[in-house]
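Positions are given from 1 along the sequence.
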Amino acid sequence: MAINNSTTVVEFLLQRLSEDPGLQALFLTFFLLLYILALAGNTLIIIAISFNPRLHTPMYFFLANLALLDIVCTSTVLPKLLEGLVGKSSHISYEGCMTQLFFLTWVLGAELLLLTSMAYDRYVAICRPLHYSMLMSWPICVLLAGSVWVIGIANASVQTGLMVRLNFCGPKQISHFLCEVPTLLLLSCSPTTLNNIMIVIADAYFGVVNFLLTMISYSFIISSILRIRSAEGKKRAFSTCSAHLVVVTLYYSTVIYTYLQPGSGSSLENSKVVTLLYTGVSPTLNPIIYSLRNRDVKVALKTLFPCFH
């Protein structure tokens with residue numbers, strides 16, 4: 001992607017989590033552990049699903065895609081964060097910043113789309129079980145997953161392309177620990193009207209539309225579960241979607257809090273905490289949630305790795 005020749009800022013300075021050496025050491029240990037757990041947990045999920053034929057179903061196919069997205073998400077944010085905690089300052093080149101912006105925008109949009117696809121899969125499984133093999137055939141699953149990745153890439157390309165056309169004349173201090181669209185727009189000395197319009201469109205589609213579709217799916221799912229007469233039947237039906245519901249609640253609550261809060265100084269600090277939740281903590285918790293609440297995944301992990309017994 002060509003970079004505008006009139007750009008005068010060749011690097012940005014990311015904000016550090018803390019200037020206190022003691023807290024820096026604490027954060028370094030915590031986020032290094034978080035990154036290792038996220039990589040290990042999501043890699044194990046992918047391996048378990050890939051090598052166990054019993055898990056070659058639409059639900060686990062989407063779960064493997066989610067695990068892959070989580071690996072990309074944490075690898076986009078945490079390594080640079082850890083580098084800033086180790087060094088005396090946290091510089092990032094212009095090209096590095098745009099690269100991080102592209103991958104972060106891609107992954108976050110794709111995850112929202114994927115969670116909607118997973119909710120639809122659970123809706124079909126519980127509300128239309130007799131038509132499940134037809135409505136969730138492998139061609140349809142591949143089409144849904146492929147659309148998630150392609151639409152996410154298209155959105156990231158548009159947002160990053162619009163950012164690259166802007167001029168940054170200084171200052172170069174980003175009021176965040178990562179490169180994201182809103183904080184970079186504050187530093188631009190070019191008109192950002194088109195960028196803001198595209199942000200609103202993207203937020204409406206990825207956030208509002210997908211949230212409503214997910215909620216509609218779960219309203220039908222809950223309604224169907226409540227109509228089941230036996231307690232055992234209700235428990236079995238709920239167990240097939242409880243892990244996904246927990247992940248959806250965790251992810252959307254952090255995203256909604258980030259984008260609906262006012263732009264005050266304290267809320268900007270809170271935004272950094274929430275950003276850490278959905279770029280670091282959530283990808284680490286997802287494999288734990290799915291493995292602890294899913295017997296098939298636990299059995300697959302125990303079969304592949306006897307040490308899990």
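- With hydrophobic clusters built from ILVMFWY side chains whose heavy atoms lie under 4.5 angstrom apart, Val248 shares a cluster with Leu277.
- The minimum heavy-atom distance linking Gln159 with Ala202 is given by the pair NE2-CB, 3.6 Å.
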Derivation and outcome, side-chain contact (heavy atoms from CB on, under 4.5 Å), residues Leu82 and Leu32:
CA-CA 7 Å; Leu82 292 170; Leu32 180 60; 4.1 Å; yes

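- Atom CG in Leu81 sits 11.0 Å away from atom OG1 in Thr275 (nearest 0.5 Å).
- More than 12 heavy atoms of other shown residues, nucleotides or ligands fall within 6.0 angstrom of atom OH in Tyr132.
- Side-chain contact between Val299 and Thr303 is present, with heavy atoms from C-beta onward closer than 4.5 Å.
- Leu186 is not connected to Leu162 by any chain of hydrophobic side-chain contacts under 4.5 Å among Ile, Leu, Val, Met, Phe, Trp and Tyr, and they are in different clusters.
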I would like to know whether Phe177 and Leu276 meet side-chain contact (heavy atoms from CB on, under 4.5 Å); could you show each step before the answer?
CA-CA 10 Å; Phe177 58 82; Leu276 282 172; 3.5 Å; yes

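- Tyr218 and His244 have parallel rings, their planes meeting at less than 30° on a 0 to 90° scale where 60° marks the start of perpendicular.
- Atom SG of residue Cys241 and atom CG of residue Asp121 lie 10.5 Å apart, to the nearest 0.5 angstrom.
- Proximity of Leu14 to His176: side-chain heavy atoms (C-beta onward) are nowhere separated by under 4.5 Å.
- In terms of heavy-atom proximity, Phe168 sits nearest to Leu184 at CE2-O, 3.2 Å.
- Hydrophobic cluster membership is shared by Met215 and Tyr205, with clusters built from Ile, Leu, Val, Met, Phe, Trp and Tyr side chains linked at under 4.5 angstrom.
- Rounded to the nearest 0.5 Å, atoms OH (Tyr120) and CZ (Arg128) are 7.5 Å apart.
- Between His56 and Tyr60 the shortest side-chain heavy-atom distance does not fall below 4.5 Å.
- Here the closest heavy-atom approach between residue Trp149 and residue Leu69 is recorded as CH2-CD2, 3.5 Å.
- The two residues Ala156 and Thr105 come nearest to each other via the heavy atoms CA-CG2, 3.9 Å.
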Evaluate the side-chain contact (heavy atoms from CB on, under 4.5 Å) criterion for residues Val200 and Asn196: first the C-alpha distance (whole Å), next the side-chain angles of each, then the deciding distance (0.1 Å), finally the verdict.
CA-CA 6 Å; Val200 171; Asn196 289 323; 5.7 Å; no

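- Cluster annotation: Val181 and Ile201 are assigned to distinct hydrophobic clusters (Ile/Leu/Val/Met/Phe/Trp/Tyr, side-chain heavy-atom contacts under 4.5 Å, transitive).
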Could you go step by step and tell me if Ser188 and Asn167 meet the side-chain contact (heavy atoms from CB on, under 4.5 Å) rule?
CA-CA 6 Å; Ser188 173; Asn167 294 327; 5.7 Å; no

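- Taking each heavy atom of Val158 and Met198 in turn, the nearest pair found is CG1-CE, 3.8 Å.
- Clustering ILVMFWY residues whenever any of their side-chain heavy atoms sit less than 4.5 angstrom apart, transitively, puts Ile151 in the very cluster that holds Phe62.
- Between Gln24 and Arg16 the shortest side-chain heavy-atom distance falls below 4.5 Å.
- A side-chain hydrogen bond (donor to acceptor under 3.5 Å, both in side chains) check over residues 66-80, counting only residues at least two apart or in different chains, returns the pairs Tyr35-Ser75, Asp70-Asn286, Lys80-Glu83.
- Across every non-hydrogen atom of Ile289 and Val246, the tightest pair is CD1-CG1, 3.7 Å.
- Pairs engaging residues 188-219 under the disulfide bond (SG atoms under 2.5 Å apart) rule: Cys169-Cys189 [sequence neighbours left out].
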